[in-house]
Structure formats: structure tokens, C-alpha cells
Amino acid sequence: MASRCECRSWPSSKASKSIITNRHLHKSNLGRTFWPEVFSALTMLLPALHGYFRAPDIAASAAFPQGVWALAYAAIFHCPISMAYHLSNAVYDGAPGYDVLCTPFRTADLIAIHLCCVAFGWAESHGHLEYTIFITIINIGCIVSLLHTLICERRGGRHENYLVAFCVFLYTLPVLVRSDYCNYAGIAGSWFLACVFQSLNPKMGGWGHGLFHVMLVPYFHFLMHGAAASR
């Protein structure tokens with residue numbers, strides 16, 4: 001049986017007190033991760049707000065308006081969960097016992113992403129039943145794996161990000177299959193630039209992830225138009 005990782009999903013009471021009482025630790029955390037994580041939390045509002053305000057106009061002339069609304073509602077659902085993860089990192093990262101890769105907030109964020117992948121797959125496939133079942137099974141498997149990792153108190157890893165990327169590819173595939181090359185190019189280009197910022201995140205002092213979120217605005221724009229386009 002694999003050994004369990006010695007990580008805590010939440011700082012102990014002593015660690016929480018040390019965040020308040022240890023001024024040096026607080027200043028170090030404030031300068032290193034606090035503002036980048038707050039930026040990442042706030043930028044998650046952008047795609048959700050874009051979907052909320054643009055969905056009525058796009059859905060009004062859409063071939064599959066239900067899909068446009070599903071995208072908007074899914075983005076709004078995921079937004080506060082992702083914000084909670086980044087804000088918890090802003091407050092607790094650097095505290096003894098806290099690990100950004102071993103916290104229930106990260107698990108909840110990734111689970112919400114996989115649930116969105118199901119909704120997005122349904123939307124982009126224009127409600128295709130068999131495809132929705134297929135993508136649901138894959139994402140449920142990813143969710144079960146995330147929960148198992150959390151229960152066993154193991155650290156998350158890059159493989160979980162790769163699984164998300166794979167599910168993203170799957171739910172955008174119907175746009176390409178419909179020969180909607182314009183929207184698919186916008187989706188792929190926006191996603192590529194977002195991933196560039198994410199890959200540069202360590203070199204950018206943690207600010208790259210927030211810019212990844214910013215690039216989700218054009219990405220989400222093309223997703224909504226992809227769901228709205230005719231077959």
C-alpha cells in the first residue's frame with residue numbers, strides 16, 4: 001500500500017495563531033503570495049461576469065440557447081469555489097502545516113471544474129445524449145480520483161491538471177466536429193495564451209495564474225458562440 005503523504009489539509013490552531021501573532025511571517029507571506037492569490041481570486045469574476053451579461057444577447061439568436069445558458073450558469077457556479085481556494089491560499093500559504101496542493105479548497109475547485117466540463121460538453125454538443133454520457137463518465141472518474149487523494153491526505157500533482165486539460169479538449173471537440181473553425185480557432189488560441197501565462201507563473205511571482213483567468217474571458221466568449229452556432 002502506498003505510503004500516505006505527511007501533509008495537512010488545514011493549518012492547526014497553533015498555525016492559525018502564528019499567522020496573527022508572527023508579524024514577520026505575515027509580512028513575508030504578504031509580499032510573496034498574498035496579492036498574487038488575491039489577484040487570481042478577483043480575476044475569476046471576469047469570465048463569470050462576461051457570461052452573465054453576454055448570455056441574453058447570444059442566446060437570443062442561438063441555434064441552441066440552452067447551451068449558452070448552461071455555460072453561463074456553470075461559470076457562475078464555479079466562480080465562488082475557485083475564489084475561495086485562492087483566498088485561502090492568500091491567507092494561509094506559508095503557515096506551518098498548510099499545503100496548497102493538499103487542501104479541501106483545491107479539491108473543491110477541481111471538482112467544480114470537472115462538473116463544468118460536463119455542462120460545457122453538453123452545451124457544445126448541442127445536448128447530444130451519448131456524448132454527454134461519455135464525457136460525464138470520464139469526469140466522474142476524475143472526481144473520484146480527487147476525492148480519494150484528499151481522503152488519503154496525499155498531495156495533488158500535475159497529472160490532475162493534465163486531466164483537466166484533456167477534459168477541456170473533449171468538451172470543445174464538438175465545435176471542431178461541426179466545422180465551426182472560426183470559434184474553434186478562438187477557443188484554441190485563447191486557451192493556448194492562457195496556458196502560456198500559467199507556465200510562466202513561477203517566473204512571474206505567482207501573477208501568471210491570474211492572467212490565465214483573464215484569458216478565460218475571450219475563451220468563454222468563443223465557447224458561448226460555439227454553443228450558439230448552428231449545426
Side-chain angles (χ1 to χ4, degrees), residues 44-82 107-147 158-196 198 212-231:
M44 270 307 302
L45 287 166
L46 299 179
L49 289 174
H50 180 78
Y52 176 79
F53 287 109
R54 291 292 297 139
D57 290 337
I58 297 175
S61 58
F64 188 58
Q66 303 96 317
V68 176
W69 286 111
L71 291 169
Y73 290 140
I76 293 171
F77 158 75
H78 173 237
C79 180
I81 300 173
S82 181
T107 303
D109 184 26
L110 290 174
I111 288 176
I113 290 173
H114 282 292
L115 292 175
C116 285
C117 287
V118 174
F120 287 11
W122 178 82
E124 299 302 330
S125 68
H126 288 187
H128 192 282
L129 179 59
E130 290 80 3
Y131 190 78
T132 302
I133 293 174
F134 167 70
I135 202 170
T136 299
I137 292 172
I138 291 176
N139 281 278
I140 287 178
C142 295
I143 291 172
V144 171
S145 177
L146 287 166
L147 290 173
R158 288 186 178 181
H159 68 283
E160 293 164 343
N161 296 331
Y162 297 151
L163 287 173
V164 168
F166 175 66
C167 291
V168 167
F169 168 74
L170 287 180
Y171 75 64
T172 60
L173 195 57
V175 181
L176 183 61
V177 172
R178 283 198 302 274
S179 301
D180 186 359
Y181 300 123
C182 181
N183 283 316
Y184 192 81
I187 291 169
S190 302
W191 179 256
F192 174 77
L193 290 175
C195 290
V196 169
Q198 177 61 28
F212 172 90
H213 291 164
V214 172
M215 288 307 304
L216 293 182
V217 175
Y219 174 79
F220 200 64
H221 173 82
F222 288 110
L223 274 182
M224 288 195 296
H225 280 280
S230 59
R231 297 180 185 273

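Since this is a predicted model, take the numbers as computed values, not measurements.
Using a 4.5 Å heavy-atom threshold, the side chains of Pro56 and Trp69 count as touching. Val168 places a side-chain heavy atom less than 4.5 Å from the side chain of Tyr219. Side-chain contact between Leu170 and Tyr131: present, with at least one pair of heavy atoms (C-beta onward) separated by less than 4.5 Å. At a threshold of 4.5 Å between non-hydrogen side-chain atoms, the residues Ile143 and Leu115 count as touching. Contact check for Val175 versus Tyr181: no side-chain heavy atoms found under the 4.5 Å cut-off. When side chains are defined from C-beta on, Val196 does not count as touching Met215, because their heavy atoms never get closer than 4.5 Å. No side-chain heavy atom of His213 sits under 4.5 Å from any side-chain heavy atom of Leu46. A heavy-atom distance below 4.5 Å is found between the side chains of Asp109 and His78.
Expressed to the nearest 0.5 Å, how far CG of Leu193 lies from CD of Gln198 amounts to 13.5 Å. Atom CD of residue Glu160 and atom CD1 of residue Ile113 lie 10.5 Å apart, to the nearest 0.5 angstrom. The distance from the NE2 atom of His225 to the SG atom of Cys182 is 9.5 Å, given to the nearest 0.5 Å. Separation of atoms CD1 (Ile81) and OG1 (Thr107) is listed at 12.0 Å; rounding is to 0.5 Å. Within the model, atoms CG of Leu163 and NE2 of His114 stand 6.0 Å from one another, a figure rounded to the nearest 0.5 Å.
A search for side-chain hydrogen bond (donor to acceptor under 3.5 Å, both in side chains) contacts involving Asn161 returns nothing, not counting sequence neighbours.
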Take Gln66 and Trp122 through the test side-chain contact (heavy atoms from CB on, under 4.5 Å) and record every step on the way to the result. CA-CA 10 Å; Gln66 303 96 317; Trp122 178 82; 3.7 Å; yes
Leu147 vs Ile111, test: side-chain contact (heavy atoms from CB on, under 4.5 Å). Steps then yes/no. CA-CA 9 Å; Leu147 290 173; Ile111 288 176; 3.6 Å; yes
Check step by step if side-chain contact (heavy atoms from CB on, under 4.5 Å) holds for Glu124 and Thr172. CA-CA 7 Å; Glu124 299 302 330; Thr172 60; 5.7 Å; no
Take Val68 and Arg54, measure what side-chain contact (heavy atoms from CB on, under 4.5 Å) needs, and give me the verdict at the end. CA-CA 9 Å; Val68 176; Arg54 291 292 297 139; over 6 Å; no
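Classification of the Phe220-Phe120 ring pair by plane angle, with boundaries at 30° and 60°, yields tilted. Ring-plane geometry between Phe212 and Trp191 is classed as perpendicular, the angle between the planes exceeding 60 degrees on a 0 to 90 degree scale with a lower cut at 30.
Across all their heavy atoms, Ala228 and Ile58 have their closest contact at CB-CG2, 3.7 Å. The two residues Ile135 and Cys167 have their closest heavy-atom pair at CD1-O, 4.4 Å. Considering all non-hydrogen atoms of both residues, Ala123 and Leu71 come closest at CB-CG, 3.9 Å. When all heavy atoms are compared, the tightest approach of Gly127 to Thr132 is C-OG1, 4.4 Å.
Using a distance-only test at 3.5 Å, with no hydrogens or angles considered, no donor-acceptor pair links the side chain of Ser190 to the main chain of Ile187. A donor-acceptor pair is defined here as one N or O able to donate and one able to accept, closer than 3.5 Å; such a pair exists between the side chain of His126 and the backbone of Ala227. When atom types are taken as modelled, the side chain of Ser82 and the backbone of Cys79 share no donor-acceptor pair closer than 3.5 angstrom.
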